Amino acid sequence: MLARDYFEKQEAERLAPYGLRSAESRGRRYPEEEHPLRMAYQRDRDRVIHCSAFRRLEYKTQVFVNHEGDHYRTRLTHTMEGSQIARTMARALRLNEDLAEAIVLAHDLGHTPFGHSGERALGALMKDHGGFEHNEQSLRIVEVLEERYPGFKGLNLTFETLEGIQKHRSSYDGPGGETFHQPALEGQLADLSDEIAYNNHDIDDGIASGMLDQAALGDVVLWRENHAEATRRLAGAEERLIILATIRSLIDLLVSDAIRTTESRLTELGIGSADDVRRCAERIVGFSGEVEEKKAELKAFLYDNLYRHTRVIRMGTKAERILEDLFNTYLSQPEQMPSRFVSRLSEGDEIHRVIADYIAGMTDRYAMDEHKKLFDPHERV
Ligand code: MG
């Protein structure tokens, strides 16, 4: 039977000099025996997939709350689409595919119920108590909140996976005490894959839900060009299929532009190792100036027409009210939370943080059910 050292050797031969090699990982906080078969980042990816916060992504909002329909993206399917884009890019750039995949699979674990409105509500409630931010929360989940091993809290992921998850920190300490400014390329790429995934699937869901007007999308250069091309190529096909073809070519365009741009930046900057990337003042993975500009226009369109759509705003406001009510109830009477959260208080954890951890971990439907149980006298407690 083939063993881990064989795969590590194969991996080392295949990767670019700035791709991270599993065998050279800076390791885990709590030392563990290596797996006989799986390499370090493969193991990280598997740990993320098996954790409870990952399963709950299925019932968390991306843009559409779960009860609005079974066809829309959820946080889970968004995560899966993002991870496959990351794998394509990692493979093409000869970076570590397993690592990029592990980072994307973990990147949204810290999202609250009800997407960004939920995050806004928790952020306001936590304003004077350390704040709330979903990337930080993703990190808290994999470092502290998941309890699956007897010897330590969290998933004990490698330094490199954690580095990729904490994407929004402007600088951080490397294990040798050196200050790094950027995550390695696999982390940078995860960030971009996330964005490519949501820009495109939000158009798809937006049109399917009737909330985005396809004619209005014609004002957006990226859409107009790709839609015209798809219409020519698929002459006579029904519009639904042309829309899907347009979205496919948009993803292709963004992915290949990012790969090309990243390759030329790596050459220009003379990057020869992963630490060169980390020391670099600027992000290396990115789009060309032209595509960046067109993509910004698309994002602005989605912001105005989908994320600020009356239906999204109405649901968002309702969601904020639900989370505020839950938060204040637990604050005045912490015993209403499950015992594993209550017991953290006697261990000295700050009450606002305990409540935020509990609420952030909820799915949309759990939060709605819980709200009903607490506030609707007809509902069983
Ligand atoms: Mg995301």
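Numbering of ligands and ligand atoms starts at 1, following listing order. Quick caveat, the model's predicted, so the values are computed rather than measured.
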To make sure I understand the geometry: which N, O or S atom in Asp194 is closest to the Mg ion (ligand 1)? OD1
Note: Asp357-Arg140 ion pair, threshold 4.0 Å (strictly below): yes
Atom of Asp108 closest to the Mg ion (ligand 1), considering N, O or S atoms: OD2
Minimum side-chain heavy-atom gap His107-Ser138 below 4.5 Å: no
How about His78: does one of its N, O or S atoms come closer than 2.8 Å to the Mg ion (ligand 1)? yes
In His107, which N, O or S atom comes closest to the Mg ion (ligand 1)? NE2
Kindly say whether Arg279 contributes a backbone atom to a donor-acceptor pair with the side chain of Gln182 at under 3.5 angstrom? no
Any Lys/Arg nitrogen of Asp376 or Lys373 sitting under 4.0 Å from an Asp/Glu carboxylate oxygen of the other? no
